[in-house]
**Student:** 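The structure follows.
Numbered from 1 within each chain, the chains take letters A, B, ... in sequence-line order.
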Number of protein chains: 2
Amino acid sequence: MAEPPIPKVSNPTGQGFLPGLAIDLVIFGFHEGQLKVLLLEYQNTDLFALPGGFIHTTENLNDAARRILVERTGLHDIYLEQFYVFGDYARYDAAKAPMTAIMRAKGLTSAEDHWLLRRFVSIGYYALVDFTKAIPTPDVLSDTCGWYDFVKLPSLMQDHGVMVQKALETLRISLDHNLISFNRWAAPLLPETFTMGELQNLYETILGQKLHRSGFQRKILGSEILERLEKKYSGGAHKAPYLYRFTPEKARS
Amino acid sequence: MAEPPIPKVSNPTGQGFLPGLAIDLVIFGFHEGQLKVLLLEYQNTDLFALPGGFIHTTENLNDAARRILVERTGLHDIYLEQFYVFGDYARYDAAKAPMTAIMRAKGLTSAEDHWLLRRFVSIGYYALVDFTKAIPTPDVLSDTCGWYDFVKLPSLMQDHGVMVQKALETLRISLDHNLISFNRWAAPLLPETFTMGELQNLYETILGQKLHRSGFQRKILGSEILERLEKKYSGGAHKAPYLYRFTPEKARS
DNA sequence: TATTATTGTAACAAATTGATACAATAACAA
DNA sequence: TTGTTATTGTATCAATTTGTTACAATAATA
């Protein structure tokens, strides 16, 4: 984040950006059994899209992903991970109509050779946060920026639907591996301390299937990523569950 | 592979290519317990490098990877898979010296603003073949193109060493999943029919560790990817092993 | 007809996972 | 106080998978 963001609207030649290369973000949101995806709507269009953007000419790719997240959604300090590059030529044609509409809505000339209408290869990054803690704000290009239920996503621009699917596959495969990273930043998936039930609910929501309570507890406790704290008196008419927290980095082997 | 390859040497502006975007290939070669990597040496330099190249403006990314493989190594019909995008800005500086040397060796002007000296983001693809069946031929840019033992790789240009490491990690994690794909093309890792021992040797070489014979057999037979054929009379003073082949696609569930 | 090397598989132990059961409570209601 | 209820932590046992060892089968060769 070395450079100030270049206002995109007043950048008719795409100067300062790596040409032909974009980043798109699939930000999954979780809370109490719900899975959502962060989408934005371009002004005066009916198009839903993933937040995306371009890479500054002197910027690391991973830094660009983080910057784009901030600029387009207002969210910051979120753990992002690469998952795939989308580079079919057919993306180009698929992008023309929606991009022209977006530009027209913005009052931009949609000259045939405008840089935004050229072919782009897009690098996909994904993240997972608590959507009640990550309140997005639309940027200057977007009407809205908000959370949409995964089970009833609106249809998305271009190949963004494919991106979401591929990101979810990656997330499911690597949930164990990335859980702590996802949780260490702003908008963590779980509060500082949480119950085993809350953690299991997170797993079940992401994986889209029920897990056996006993086996889950055994697996998680066996992995030694958790530290048990005092009990939580929830007010419910039942035994109070223990609270846990992720073992601080320094204390792990 | 719609377009004829553009001779790179006589392309002083990089026309016809997506700017700033490259593909680099980590081609692993296996044979009888040895693991190798395909490297090339640029003319009149001491630089070893991964085969790489650029993407035509109307070409699918995955097609570009296959074309680059053919153009730079002469190998064709090999299953390639994306594994990571290398996009740190520091790659830029790291590339300057070697690229200048390569260009000078080629008699090219190394003007500061030459397109090859600009910043590139590189998409990594990897593959796994039998290096005795995949005989590479150097292209017009390279002195040599050949197989190098993984355990004593020469030091590589720019961040190509990091790429090899990352590719191997990916290969190890997804060997089960991609084995049949790697084997279905030219230069398959195993002959049409092979013994269980040969398959186990492949696994041990890629994973870099010994596996228990009994357990390996159980796992592989249990996965039902193999069909047992007649025995192989090897000439050795011992019981003849069965031959196997991968179950043809159509016969699998 | 032994000998040797290697293979296929059985056999058993050890470890992991799946399923069920049950004791231990917080809160609440009688 | 004393049930009642819901939920948690864990024990228990079964089922499955994995790790290890053992052994019979058997080509080539001496």
**Student:** Is the charged tip of B:Arg228 near the ring of B:Tyr244: under 6.0 Å from the six-membered ring centre and within 45° of its axis?
**Tutor:**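 No cation-pi geometry.
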**Student:** Among all residues two or more places apart in sequence or in another chain, which pass the salt bridge (Lys or Arg N to Asp or Glu O under 4.0 Å) test with A:Lys152?
**Tutor:**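 Per chain and number, A:Lys152 pairs via salt bridge (Lys or Arg N to Asp or Glu O under 4.0 Å) with no residue.
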**Student:** Got a sec, which residues hit ring pair (Phe, Tyr, Trp, His ring centres under 6.0 Å) with B:Phe48, two or more places apart in sequence or on another chain?
**Tutor:** B:Tyr148
**Student:** Would you say a side-chain N or O of A:His212 is under 4.0 Å from OP1 or OP2 of C:dG18?
**Tutor:**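 No.
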**Student:** Which side-chain N or O atoms in residues 27-38 of chain A pair as donor and acceptor under 3.5 Å with protein atoms at least two apart or in another chain?
**Tutor:**
from: A:His31; atom 1: ND1; to: A:Asp130; atom 2: OD1; distance (Å): 3.1
from: A:His31; atom 1: ND1; to: A:Asp130; atom 2: OD2; distance (Å): 3.1
from: A:His31; atom 1: ND1; to: A:Thr132; atom 2: OG1; distance (Å): 3.4
from: A:Lys36; atom 1: NZ; to: A:Asp149; atom 2: OD1; distance (Å): 3.0

**Student:** Listing request: all salt bridge (Lys or Arg N to Asp or Glu O under 4.0 Å) pairs with a residue in residues 157-181 of chain A, at least two apart in sequence or in separate chains.
**Tutor:**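 Passing the test, one end in residues 157-181 of chain A: A:Arg91-A:Asp159, A:Asp176-A:Lys219.
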**Student:** With sequence neighbours excluded, tell me which residues meet ring pair (Phe, Tyr, Trp, His ring centres under 6.0 Å) with A:Phe216.
**Tutor:**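 Once residues adjacent in sequence are excluded, the partners of A:Phe216 under the ring pair (Phe, Tyr, Trp, His ring centres under 6.0 Å) criterion are A:Tyr203.
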**Student:** Quick one: A:Lys232 NZ to D:dT7 P, roughly how many Å, whole number?
**Tutor:** 13 Å
**Student:** Just verifying a value: how many Å separate A:Leu171 CG and A:Leu175 CG, rounded to the nearest 0.5 Å?
**Tutor:**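 If we round to the nearest 0.5 Å, A:Leu171:CG and A:Leu175:CG are 6.0 Å apart.
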**Student:** Taking atom P of C:dA19 as reference, at what distance in whole Å does atom CG of A:Leu211 sit?
**Tutor:** 11 Å
**Student:** Would you be so kind as to tabulate the donor-acceptor pairs closer than 3.5 Å made by side chains of residues 230-241 of chain A, with sequence neighbours excluded?
**Tutor:**
from: A:Ser234; atom 1: OG; to: A:Gly236; atom 2: N; distance (Å): 3.1

**Student:** For B:Gly215 and for A:Tyr244, locate the closest nucleotide of DNA chain D by heavy-atom distance; then report the residue assigned to the nucleotide nearer the 5' terminus.
**Tutor:**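 The answer here is A:Tyr244.
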**Student:** Take atom CD1 of A:Ile220 and atom P of C:dT17, then tell me their distance rounded to the nearest Å.
**Tutor:**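 Rounding to the nearest Å, CD1 of A:Ile220 and P of C:dT17 are 12 Å apart.
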**Student:** What's the closest nucleotide to the A:Arg218 side chain, out of C:dT7, C:dT17, D:dT10?
**Tutor:** C:dT17
**Student:** Would you kindly give the CD-to-C1' distance between A:Gln217 and D:dA11, to the nearest whole Å?
**Tutor:**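 Taking CD of A:Gln217 and C1' of D:dA11, I get 12 Å after rounding.
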**Student:** Pull out every residue in residues 192-210 of chain B that has a heavy atom closer than 4.0 Å to any atom of DNA chain C, ordered by number, or say none.
**Tutor:**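 B:Met196, in order of number.
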**Student:** Under the side chain to side chain donor-acceptor pair (under 3.5 Å) rule, collect the residues that match up with B:Glu81, sequence neighbours excluded.
**Tutor:** B:Tyr79
**Student:** What string of B, S and - do you get for nucleotides 22-30 of chain C 5' to 3' if you count protein non-hydrogen atoms under 4.0 Å?
**Tutor:** --BBBB---
**Student:** Closest approach to the side chain of A:Ser214, judged atom by atom: which nucleotide of C:dA11, C:dG18, D:dA11 is it?
**Tutor:**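 Closest nucleotide among those given: D:dA11.
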